[in-house]
> 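The structure that follows is given in the form of structure tokens.
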Amino acid sequence: MSNIRGRFKKPEDKLVAAYSASLSFDRRLYQYDIAGSIAHAGMLAKQGIITASEARTIISGLTAIRKEIEQGKFEFKTELEDIHMAVEARLIEKVGEVGGKLHTARSRNDQIALDIRLFTKEAISNTVAGIKELQRALVDLAQANKDVVMPGYTHLQPAQPVLLAHHLLAYFEMFQRDAGRFGDALGRADVMPLGSGALAGVAYDIDRDAVARALGFKELSRNSLDAVADRDFVLEYEAAAAICMMHLSRLAEELILWSSAEFGFIEIDDAYAHGSSIMPQKKNPDVAELARGKTGRVYGHLMALLTVMKGLPLAYNSDMQEDKEGFFDAVDTLLDTLKVFAGMVKTMKVNAANAAKALERGYLLATDLADYLAGKGEAFRTAHDIVARLVSSAVAQGKTLSELSLAEYKKFSPLFGRDVFKISVASSLAARDVAGGTAPKRVARALAKARGIIEGK
Ligand code: ARG
């Protein structure tokens with residue numbers, strides 16, 4: 001049974017013990033918990049709150065416990081409730097009553113806040129690294145296929161020609177914003193809460209700065225009530241994760257579409273696809289579908305924690321123990337998704353011929369025709385109307401725009417001349433020579449810039 005029952009006359013109900021325990025999931029925080037305790041014990045000794053020899057005993061006990069956990073020799077007893085109690089109980093078992101001095105000038109409330117902050121900082125750095133890997137894969141794929149042209153879409157209708165590289169770099173930008181969001185969140189997670197005690201601060205002459213330095217924190221929390229009641233940094237991670245998963249899900253959707261027989265722009269590598277148990281011809285883009293599906297649960301974790309936090313009076317409340325499982329799952333899901341996507345993007349094959357064929361089907365140069373008339377003095381709105389009628393006539397005849405004769409063009413506007421046949425996919429791309437546009441020379445520069453960002457230049 002949990003050992004904080006000094007004031008109670010009855011043992012804890014068995015079901016209640018199981019209901020309250022968080023050890024099954026917060027054991028994952030052991031290394032942060034132990035690191036925090038080691039820093040705390042060292043500081044207590046420096047301040048003369050415990051003796052140097054007591055600190056040495058405590059620290060070597062904690063180090064041994066860390067080893068036990070890492071070697072799978074530590075017994076996690078649910079009745080000890082959480083990772084803090086489990087480590088402390090084992091410490092006292094190993095080194096005797098002096099182990100009980102570790103909890104001087106500390107509460108589980110500031111201890112858990114510390115542990116999750118340390119976990120969050122590491123999660124953020126792993127996430128940013130995962131994002132970078134995927135960005136690198138996107139840039140590599142774009143570079144290897146830098147001349148491939150495909151239809152760009154709006155409303156999922158073929159709209160205008162774009163370079164595949166331009167399309168892929170759009171995702172690079174999304175992931176770059178994601179990395180920025182995680183970086184911003186890091187600044188607010190990087191705050192050391194120990195010293196807040198249960199809620200009011202502690203009644204000892206501690207050195208919070210020393211603890212912050214030992215644990216690599218940039219700042220100290222400035223209000224003890226806030227420090228133990230704050231889970232904004234978890235919410236910020238989850239919010240950034242939800243947005244990042246939304247981006248991954250959009251990419252997933254495109255890969256699913258592009259790998260279909262109808263599009264055929266890419267082929268997903270065998271290592272990243274599954275077959276069907278009944279239809280032998282099938283190659284399913286399961287990885288992308290699963291990522292699209294898993295996005296839902298990451299959104300769910302954000303909503304769950306926002307809901308947990310919304311009615312809580314200051315300071316710590318047990319409701320907050322519900323922060324962890326969803327958070328851990330959000331981190332794991334995002335990291336795994338980033339990793340598989342990097343591999344999937346790296347290995348997929350682009351079918352340039354199919355992308356080119358799709359360009360012929362969609363009257364994608366219609367805007368260029370309108371621009372052509374506008375260039376000859378027609379108001380753009382009128383030019384748009386003329387080309388709309390021209391396209392509808394071509395559709396009725398089952399012809400592409402390049403199959404119409406000059407005489408047919410002239411029926412719609414006398415401004416059309418021989419040079420109308422110079423309009424091509426290449427001229428359409430080259431014309432979009434604005435910052436951020438799909439003109440090949442702009443995209444080449446954007447690619448180089450993206451490469452520089454990944455390489456940290
Ligand atoms: N297991 C708790 C949590 O996850 C740690 C803090 C417990 N504090 C307390 N007073 N019950 O939030």
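Indexing begins at 1, ligand by ligand and atom by atom, following the structure's order. It should be emphasised that the depicted structure is a prediction, and the values quoted were computed from it without experimental measurement.
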> Among all the protein's non-hydrogen atoms, which is closest to atom 6 (C) of ligand 1, and how far away is it?
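That would be Y316 OH, 3.5 Å.
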> Looking at F328, does the NZ or CZ of R28 lie under 6.0 angstrom from its six-membered ring centre and within 45 degrees of the ring axis?
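Judged by the rule (NZ or CZ under 6.0 Å from the ring centre, within 45° of its axis), R28 counts as positioned above F328.
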> Students often mix this up, so state it plainly: with edges at 30° and 60°, are the rings of F119 and F327 parallel, tilted or perpendicular?
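Perpendicular: the ring planes of F119 and F327 meet at over 60°.
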> Counting each atom of ligand 1 from 1 as listed, which ones have a heavy atom of D82 under 4.0 Å away?
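Listed by number with element, the hits are 1 (N), 2 (C), 5 (C).
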> Kindly assign one of parallel, tilted or perpendicular to the pair F263 and Y153, based on the angle between their ring planes and the thresholds 30° and 60°.
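Aromatic pair F263/Y153 classed tilted.
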> In ligand 1, which numbered atoms sit nearer than 4.0 Å to a non-hydrogen atom of H84?
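Numbered from 1, ligand 1 contributes 5 (C).
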> Under a 4.0 Å N-O cut-off, is there an ion pair linking R90 with E68?
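Result for this pair is yes, salt bridge flagged.
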> Look at the rings of Y237 and F182 and say which category their plane angle falls in: under 30° parallel, 30 to 60° tilted, over 60° perpendicular.
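Rings of Y237 and F182: tilted, as their planes differ by 30° to 60°.
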> Have a look at N317, N109, D115 and point out the one with the heavy atom closest to atom 9 (C) of ligand 1.
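Heavy atom nearest to atom 9 (C) of ligand 1 belongs to N109.
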> State if E81 counts as touching ligand 1 under the rule of any non-hydrogen atom under 4.0 Å.
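Not so, E81 does not reach ligand 1.
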> Starting from atom 1 (N) of ligand 1, what is the nearest protein heavy atom, named by residue and atom, and what distance separates them?
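Result: Q321 OE1, 2.8 Å.
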> Closer than 4.0 angstrom: is that true for some heavy atom of Q111 and an atom of ligand 1?
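Contact check Q111 vs ligand 1: negative.
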> S22 heavy atoms, cut-off 4.0 Å: which ligand 1 atoms fall inside?
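In order of number, 1 (N).
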> Distance to 0.1 Å, residue and atom name: give those for the protein heavy atom nearest to atom 11 (N) of ligand 1.
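Going by distance alone, atom 11 (N) of ligand 1 is nearest to R108 NH2, 3.6 Å.
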> Taking the six-membered ring of F217 as reference, does the NZ or CZ atom of K121 fall below 6.0 Å from its centre and within a 45° cone about the axis?
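Geometry flag: set, cation within 6.0 Å and 45°.
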> I'd like to know if K67 and E70 make a salt bridge, using a cut-off of under 4.0 Å between side-chain N and carboxylate O.
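E70 and K67: not salt-bridged.
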> For ligand 1 and K324, I'd like to know whether there is a polar contact (N/O to N/O, distance under 3.5 Å).
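Among all N and O atoms of K324, at least one is under 3.5 Å from an N or O of ligand 1.
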